[in-house]
Amino acid sequence: MRENKNMSESPSQAGKEIPAKKQKLSSDENSNPDLSGDENDDAVSVESGTNAERPDTPTNTANAPGRKSWGKGKWKSKKCRYSFKCVNSLREDHGQPLFGVQFNWHSKEGDPLVFATVGSNRVTLYECHSQGEIRLLQSYVDADADENFYTCAWTYDTNTSHPLLAVAGSRGIIRVKFTRLLCGYIQQHSTSTCLEMFKGHYVGHGNAINELKFHPRDPNLLLSVSKDHALRLWNIQTDTLVAIFGGVEGHRDEVLSADFDLLGEKIMSCGMDHSLKLWRINSERMQKAIRGSYEYNPSKTNRPFVSQKIHFPDFSTRDIHRNYVDCWLQLKLSYFLQCDIWYMRFSMDFWQKMLALGNQVGKLYVWDLEVEDPHKAKCITLTLPKCTSAIRQTSFSRDSSILIAVCDDASIWRWDRQR
């Protein structure tokens, strides 16, 4: 597990302390017997201010500078209007940390709620049903046993509207897979062929890929960030590399996370160098490059597509964070939440009204963001006695009715929102 005091290790080393007891997952083993019957009532939602048992962490020191506005009991008198109940859990049989989870937000109304998890050299798709059921749809195992997937992102094919899933990890290779069979007639196909339908794979990064994000308005534009200190923007429709962000004034260390703004005009990136960097993609230069990537046809020319090299961000600062930034809010929240290990990601719901973040001891925090003053944000703590492993990432379903959390012990926890 990567810790603040030793940031040279790779995420693939994060899961060395794995419980010996493993629960093998199959398509008909949807429920965790530990959550059946009355024991399910142990899953509780409590206000964050009532949590008195919070041991000190490296970021939780009484004399830490710049902490005057952030202290214990910040949300003590605030009552969150949201409530969740844990209705199911399961554990993938590889026993390695699950680093990523994402719901498919591109499905049509009435379609099943499908989410993907990544960990070890495996990508697994699940479907959420009523009464808390989690149904295994498909599992893809990479041929390279040394691959360790860290991240995944959903989009759709603009010609067929079929869902696409992009995954990447320690080998620095992006794989984009068709998943249309999973949403219709999966039972008619064998597991050996359903997911072995690649739209493409993209090689260019010189090291592990930590994050993938699709453009909010153009489903063909894929952003990747890497341990090689650079960001890359790809067009998956024409299989072209549009631009590389990095170099002279780029990140000086591993890039951990990045995302687009809601309009898709800018990219914000962050990483091990403590910095935040803003890159504009609505400039004339970048817009011309994006248009050119759509017009490029390798069958009509022998020349490769000319990718843009963007060496200078439009804004950069190291004045906000005093340490690595692996998710934009992580360091401020770590003061409260025992998040002093890195590569832990928060998530927001589709309408950006809720934010969820897990910590290193299996507690899950959900904030109500519908407030004018961020300091008045309301929070609940979701706890379960059997969930004690680090929660690496969370994901909301598009309708915000389900929250999924994935952990270092390969476990998956389903929390349903109570109406």
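Quick note: residue numbers are just sequence positions, from 1.
Taking the salt bridge (Lys or Arg N to Asp or Glu O under 4.0 Å) definition, one finds that D368 meets it with R81, sequence neighbours left out. With sequence neighbours excluded, no residue forms a side chain to side chain donor-acceptor pair (under 3.5 Å) with D253. For D373, the side chain to side chain donor-acceptor pair (under 3.5 Å) partners at least two apart in sequence or on another chain are H375. Take F103 and apply the ring-ring contact (aromatic ring centres under 6.0 Å, His included) test, not counting sequence neighbours, and it matches F115. For W351, there are no ring-ring contact (aromatic ring centres under 6.0 Å, His included) partners two or more places apart in sequence or in a different chain. Scanning for side chain to side chain donor-acceptor pair (under 3.5 Å) contacts around T240 gives T238, with sequence neighbours left out. Checked against side chain to side chain contact (heavy atoms under 4.5 Å, CB included), T158 has the following partners two or more places apart in sequence or in another chain: Y156, P219, N220, Q237. F245 meets the ring-ring contact (aromatic ring centres under 6.0 Å, His included) test with W279; sequence neighbours excluded. In terms of the side chain to side chain donor-acceptor pair (under 3.5 Å) criterion, D261 has no residue partners (sequence neighbours excluded). Residues meeting the side chain to side chain contact (heavy atoms under 4.5 Å, CB included) test with Q352, sequence neighbours left out: L262, M348.
Under the salt bridge (charged side-chain N to carboxylate O under 4.0 Å, His left out) criterion, the residue pairs touching residues 111-124 are D93-R122, with sequence neighbours excluded. Residue pairs satisfying the ring pair (Phe, Tyr, Trp, His ring centres under 6.0 Å) criterion with at least one member in residues 220-240, sequence neighbours excluded, are listed as follows: Y202-W234.
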